[in-house]
Every structure is written in C-alpha cells, then in structure tokens.
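Everything numeric in this text was worked out from a predicted model, so none of it was measured. Within every chain, numbering begins at 1; the chains are lettered A, B, ... in the order of the sequence lines, protein sequences first and strands thereafter. Just so it is clear, the values below take in all heavy atoms, side chains as well, and ignore hydrogens, waters and symmetry mates.
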Protein chains: 2
Amino acid sequence: MDETHVSQVRSFNRHVTRRIGALGGDYLGRGRPLAESRLLFEIGAGGADVRELRERLALDSGYLSRLLRALEADGLVACVQSADDRRARRAMLTRKGVREHGVLDRRSQAFARSLLGSLLPAQRGRLVAAMAEVERCLRASSVEIDVEDPCNTDAAACFDAYFRELAARFDRGFDPVQAGAGSVTEYAPPHGVLLLARLDGQAVGCAALRASGRGIGEIKRMWVAAHARGLGIAQRMIEALEQHATGLGFHRLRLDTHHALTEARALYVRNGYREIERYNDNPYADHWFEKRVVRRSGARREVART
Amino acid sequence: MDETHVSQVRSFNRHVTRRIGALGGDYLGRGRPLAESRLLFEIGAGGADVRELRERLALDSGYLSRLLRALEADGLVACVQSADDRRARRAMLTRKGVREHGVLDRRSQAFARSLLGSLLPAQRGRLVAAMAEVERCLRASSVEIDVEDPCNTDAAACFDAYFRELAARFDRGFDPVQAGAGSVTEYAPPHGVLLLARLDGQAVGCAALRASGRGIGEIKRMWVAAHARGLGIAQRMIEALEQHATGLGFHRLRLDTHHALTEARALYVRNGYREIERYNDNPYADHWFEKRVVRRSGARREVART
DNA sequence: TCCATTGCCTGACTTTAGTCAGGCATCGCG
DNA sequence: CGCGATGCCTGACTAAAGTCAGGCAATGGA
C-alpha cells in the first residue's frame with residue numbers, strides 16, 4: 001500500500017475532524033449536554049422507537065433511559081407505549097421539542113453555510129464534490145464481505161431480492177425453479193461457499209460458488225442491492241470468490257448470464273472471463289463465461305499486509 | 001448559495017466525523033484518558049511550550065497543568081523551565097514517553113491503513129485525492145480577511161515579506177523608497193484601507209487601497225504568503241477591496257505592476273482591469289491597470305446572507 | 001524600586017458520560 | 001398457565017472533562 005496514501009488519510013483525520021468536529025460540537029451546544037442534543041436530533045419530527053435509538057446511537061439501555069427522562073423533564077419529549085408491544089416504548093417530540101429540534105437543525109445548516117460562505121463559488125463546487133467522494137469511499141470501506149451460512153435469513157432475503165430483480169429485468173419474467181436453482185445447501189462447504197456483503201450490519205449483496213463438475217466451480221447469485229451499487233462491492237466479491245475457489249479444489253470457474261444484465265457481463269469481462277459455448281440448459285441464460293483460476297501470490301501478500 | 005451544497009456539507013459532517021471520529025477516538029485508547037493521549041501526541045518528539053499546548057488544544061490552564069502532572073507521574077513527560085523566561089515551562093517527552101508516542105503514532109497509521117485496506121486500488125487513489133481536496137478547501141474556508149491597522153506588527157511583517165519577495169523576483173532588486181512608498185498611514189481611514197488575511201490567526205496576506213487623485217483609488221501591496229497560495233485569497237482580497245472602494249468615495253481603481261509578477265497580472269485581467277498608459281513614475285512598474293467600480297447589489301446580497 | 005502583568009500551579013468544585021446489577025411488566029411459545 | 005426472553009427503568013457507582021478562584025514566582029516597564 002502506498003505510504004503517501006496512508007499519510008494523507010492521517011492528515012485528513014487530524015485536520016478535518018478537528019475543524020469540522022469542533023464546530024459541529026459547538027453548534028449543537030444549546031446549554032444542553034451533547035448527548036441530549038444528539039438524541040433530540042435523532043428522535044426527529046416523526047418520533048422513534050427507543051430500541052432503534054439505542055442501536056443508532058450505540059447507547060447503554062440505562063443511560064438512554066436517563067437521557068430520555070431528562071428530556072421529558074424539560075418538556076421536550078414524551079414517551080408513549082408502542083401499539084403492538086406494550087413493553088416497547090416510543091419517544092415523540094412535544095411541540096416544544098419540535099421547536100428545539102428546529103433550532104438545532106437551523107444551527108447545523110448555519111454551520112454548513114458559514115463553511116461555504118467564505119469560499120469562492122468555484123471552490124464551493126469543488127469542495128462539495130470532494131466531500132461526496134470521500135463520503136462514498138468511506139461508505140465503500142465500511143462494507144464487509146464474509147462467508148456466511150446460505151440458510152440464514154439474511155441470505156434468504158438477498159436471494160429473494162435477487163430473484164425479484166431478475167423477474168423485473170427479464171422480458172419473460174423469472175422463475176428460480178425453471179432456472180435450475182437447487183437447494184441452497186449447494187452453496188455451503190465443503191463443495192460451495194456463500195459470501196454476503198454487509199453495510200452497517202445490513203446485507204446488501206451476495207455471491208455464491210457451487211460445484212459443477214470435476215475441478216469446476218460455478219458462480220451463482222451475484223447480486224448487489226441497488227442503493228449500494230457503485231461502491232465496488234461486486235468486484236470485491238468476485239475477487240473473494242476466486243480466492244476461495246482454489247481452496248474448494250476448483251481450477252476453473254464458469255457462469256451463465258443474461259443479455260439484459262449488462263453490468264454483470266462487463267464485470268466478468270473486466271476480470272478476465274472469456275465467453276464460451278453453452279454448457280447448461282438454463283432457459284434464462286444466453287451468455288456463458290469461463291476463467292482458469294490459480295492461487296495468486298501477489299494477492300495473498302496484499303491481504304496479509306492489511 | 002446552492003441548497004444542495006449546504007445539505008451535502010451537512011451530510012459529510014454527520015457521516016464522516018462519526019465514522020472517522022469514532023475510530024480515531026478508539027485507536028488513541030491506551031488505557032489512558034483521551035485528553036492525555038492527545039496531549040502526548042501534541043507534545044511530540046521535540047517537546048513543546050506549555051502555553052503553545054494550551055492554545056493548540058484550547059485547554060484551561062489549570063486542566064492542562066493537571067494533565068501534565070498526570071503524565072509526569074507516569075514517567076512519560078518531564079517539564080523544564082524555559083531558558084528565556086523562567087516563568088514559562090516546556091514539556092519534553094522522556095524516553096518512555098517517546099516510546100508511548102511511537103505506539104500512538106503507529107496506531108494512527110494502522111487506522112489509516114485499515115481504512116484503505118478494504119478498498120479497491122482505484123478507489124484508494126480517488127479517496128486520497130478527494131481527502132486532499134477537502135482539506136485544502138477547509139483550509140481556504142478558515143482564512144479570514146479583515147480591515148486592520150496598517151501600523152500593527154502583523155501588517156509590518158507582511159509588508160516586509162512582500163518587499164523581500166519583490167527584491168528576489170526583480171532583476172534589479174527592489175527598494176521601497178525608490179518605488180515611491182509613502183507612510184503606511186496612507187492605508188488607514190479615511191482615505192485608505194488595509195486588509196490582512198489570516199489563517200489560524202497568522203497573517204498570510206495583505207492588500208491595501210490609498211487615494212490617488214479625485215475619486216480614484218490605487219491598489220497597493222497585494223501579497224499572499226507562498227505557503228498560502230492557491231486558496232483563492234488574492235481573489236477574495238481584491239473583491240473585498242472593491243467593496244470598500246465605493247465607501248471611500250472611489251469610482252475608479254488603478255494600480256501598477258511588474259512583468260515578473262505574472263500571477264498578479266492574470267488576477268487583475270481576470271477581474272476586469274484593463275491595461276492603461278503609465279500614470280506614475282514608479283521605476284519598477286511596466287504595466288498599469290484600471291477598472292471602473294460600482295456598488296454591486298448582487299454581491300451585497302450574497303454577503304448579507306452568509 | 002515598585003507594581004501591574006504574565007505564566008503556571010493547586011484545591012475545590014460541577015457536569016457529563018458511561019457502566020452494572022437488579023427489578024418489574026409484558027410477550028410468546030409450549 | 002408457566003417460564004424464559006425481551007424491553008425498559010432505577011439506583012448506585014466511577015471516570016473523565018472541565019471550571020473557577022486564588023496563589024506564588026518571575027518579568028518588564030515606569
């Protein structure tokens with residue numbers, strides 16, 4: 001990894017979080033502890049379930065309870081029993097709370113405005129574009145790709161979303177049974193593998209490998225949720241699949257795909273998959289690809305260093 | 001100001017500071033309170049004056065004293081009397097402190113590495129470039145340009161640096177007296193104005209206006225420190241001068257410059273200054289410019305909104 | 001030499017942020 | 001219905017972070 005890259009990230013961390021964090025902490029200051037303000041902000045106009053708040057802010061249950069009590073004492077928040085589970089509670093802003101929330105919101109806006117205000121118009125555009133890029137990249141860097149059990153609920157949800165998307169994109173719809181989808185246990189060791197990509201804990205993509213003849217693996221169910229595309233997740237998953245392939249005893253990987261899935265085809269071509277003759281009777285497939293895989297020592301070094 | 005810009009800045013603030021700040025706080029954790037670790041980091045290998053630390057970290061004098069005492073008790077820091085002022089003290093790292101500082105430094109590096117590690121190589125380059133851009137823009141946005149007394153020491157330092165730079169860049173050197181430099185009080189109200197640009201409190205640029213005939217102002221001493229160039233400071237100063245011009249009763253601004261100062265000439269041309277005939281006998285000048293100035297209502301609205 | 005100022009230290013506080021162990025009500029399954 | 005799990009609350013703590021008023025020693029200009 002490039003050392004100048006590392007030091008640039010460190011410099012960014014030091015300077016930007018100091019400048020933005022300092023001001024950010026300041027604008028929230030309303031004579032109220034920071035945690036309370038954040039909580040008020042997080043509850044928002046529509047209210048929020050207590051358990052949701054606890055997760056979003058990563059707070060201890062007792063501590064959160066106390067914070068809510070404090071806001072309640074100030075008349076900013078009212079807690080009501082949840083309709084469907086009378087143990088659960090929901091925090092709502094009172095009229096006064098909504099007003100206070102508005103003040104915080106306006107402060108946050110004023111801060112952003114003051115930041116941009118002292119820039120020339122051309123610089124503003126550049127700053128905003130660069131900020132969006134940093135945000136996108138950090139999002140990408142927080143995606144985790146791991147082997148998971150193909151029978152778990154998140155895997156099932158991904159498969160489901162994948163099938164629904166195929167049905168929407170293919171002219172004639174899509175039926176998994178006709179496509180020859182076997183049991184998902186095909187994607188479990190020792191003869192297969194399933195990868196899930198997670199962003200903030202939520203599953204946003206999947207990719208699987210199953211046996212398909214002596215020494216041959218087949219890539220199946222390569223999918224990334226629409227809102228998580230453009231983050232390089234598919235690329236990372238395909239690289240990860242190839243890493244696993246040799247361990248599973250595959251020296252060749254193949255796959256089928258459909259002409260409507262142009263991004264997928266581009267992905268395979270970019271990664272050195274060559275188009276081959278039809279090798280199965282999947283009625284939805286009209287393109288078939290193959291690639292010889294070998295354990296790459298360079299890639300292993302990179303992994304070891306991170 | 002564009003509202004989508006404002007909301008992008010807010011989104012950046014929320015997401016990036018949370019992600020980077022959270023991890024940043026974490027890696028510093030060494031069983032030691034965060035403030036102590038930050039202090040250790042800030043003292044650095046070369047040591048630092050206590051007053052300097054107080055300013056950089058914006059800490060209460062008493063609190064800082066206590067933190068230093070704590071680090072001293074752990075054998076990480078030693079405080080010595082300053083040589084030139086026996087009231088002042090200087091904090092130095094002990095051998096053990098240097099070791100600990102190294103650990104923190106390595107952690108910070110490891111964090112940056114882990115951030116980059118889960119990105120594809122192409123993304124890394126993009127992230128780093130965008131980070132550098134954000135940093136630069138934020139630096140630019142923290143530059144403050146204000147009217148100051150032309151007799152104060154920072155102004156004098158700027159003039160001095162300006163003259164030294166001219167001397168270095170002109171073939172025949174530069175002598176302010178020959179150039180017709182009068183008293184700096186010419187740049188004070190009611191007939192003139194001096195602007196200083198400050199970055200983190202330090203003066204990094206100047207620009208002045210003085211009377212030069214009925215209704216005519218002259219731009220003088222337009223200078224930006226080498227390390228603060230490329231931040232749009234000169235552009236902002238020239239805009240600010242033009243704002244002040246009408247208030248001082250000038251409807252025309254003129255200036256002279258030297259062919260070696262190519263950036264300056266480009267700046268004037270870009271801002272609508274037209275080249276005119278020689279209007280003075282400054283032996284160092286070989287280009288003369290002029291611009292008619294009017295109070296721009298659009299610009300005023302922009303200022304009012306920030 | 002005097003005296004206001006500066007620089008740092010100390011003691012005595014307060015507030016914020018968080019942790020932990022229980023406790024009570026409710027839920028959902030068998 | 002009983003029982004373990006879940007969801008929230010409370011009391012009792014602790015550590016960290018920060019504030020404030022004074023105090024002593026050194027400084028520097030009148």
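- Sorted by first and then second residue, the salt bridge (charged side-chain N to carboxylate O under 4.0 Å, His left out) pairs with a member in residues 47-64 of chain B read Glu42(B)-Arg56(B), Asp49(B)-Arg90(B), Glu52(B)-Arg56(B); sequence neighbours excluded.
- Residues Ser142(B) and Leu199(B) meet the side-chain proximity criterion, which asks for heavy atoms closer than 4.5 Å.
- Atom pair Leu34(B):CG and dA17(C):C1' shows a separation of 13 Å (rounding to whole Å applied).
- The number of heavy atoms from other shown groups lying within 6.0 Å of NE2 (His15(A)) is above 12.
- Electrostatic pairing of Arg113(B) and Glu3(A) counts as a salt bridge here, judged by a charged N lying under 4.0 Å from a carboxylate O.
- Rounded to 10 degrees, the angle between the two end axes of the helix from dT1(C)-dA30(D) to dG30(C)-dC1(D) is 20°, with five pairs used at each end.
- You can see that DNA chain D meets the heavy atoms of chain B within a 4.0 Å-exclusive cut from dA16(D) to dT27(D), reading 5' to 3'.
- The two residues Glu135(B) and Ser11(A) have their closest heavy-atom pair at OE2-OG, 2.6 Å.
- Side chains of Asp74(A) and Arg32(A) form a contact here, defined as non-hydrogen atoms less than 4.5 Å apart.
- Within the 4.5 Å cutoff, the side chain of Leu59(B) has no heavy atoms near those of the Leu53(B) side chain.
- A donor-acceptor pair is defined here as one N or O able to donate and one able to accept, closer than 3.5 Å; no such pair exists between the side chain of Arg210(B) and the backbone of Glu186(B).
- For DNA chain C, the neighbouring residues in residues 47-76 of chain B, judged by any heavy atom under 4.0 Å, are Val50(B), Arg51(B), Arg54(B), Ser61(B), Gly62(B), Ser65(B), Arg66(B), Arg69(B).
- The shortest side-chain heavy-atom distance between Val128(A) and Thr4(B) does not fall under the 4.5 Å cut-off.
- Between Phe41(B) and His101(B), the ring-plane angle classifies as tilted under the 30° and 60° cut-offs.
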Close N/O contacts between protein and nucleotides 24-27 of chain C (under 3.5 Å):
{"unit_1": "dT26(C)", "atom_1": "O2", "unit_2": "Arg87(A)", "atom_2": "NH1", "d": "3.3"}
{"unit_1": "dC27(C)", "atom_1": "OP1", "unit_2": "Arg86(A)", "atom_2": "N", "d": "2.7"}
{"unit_1": "dC27(C)", "atom_1": "O4'", "unit_2": "Arg87(A)", "atom_2": "NE", "d": "3.4"}

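- In terms of the ring-ring contact (aromatic ring centres under 6.0 Å, His included) criterion, residue partners of Phe163(B) (sequence neighbours excluded) are, by chain and number, Phe174(B).
- Remark: the backbone N or O of Leu76(B) is paired with a side-chain donor or acceptor of Thr94(B) at under 3.5 angstrom.
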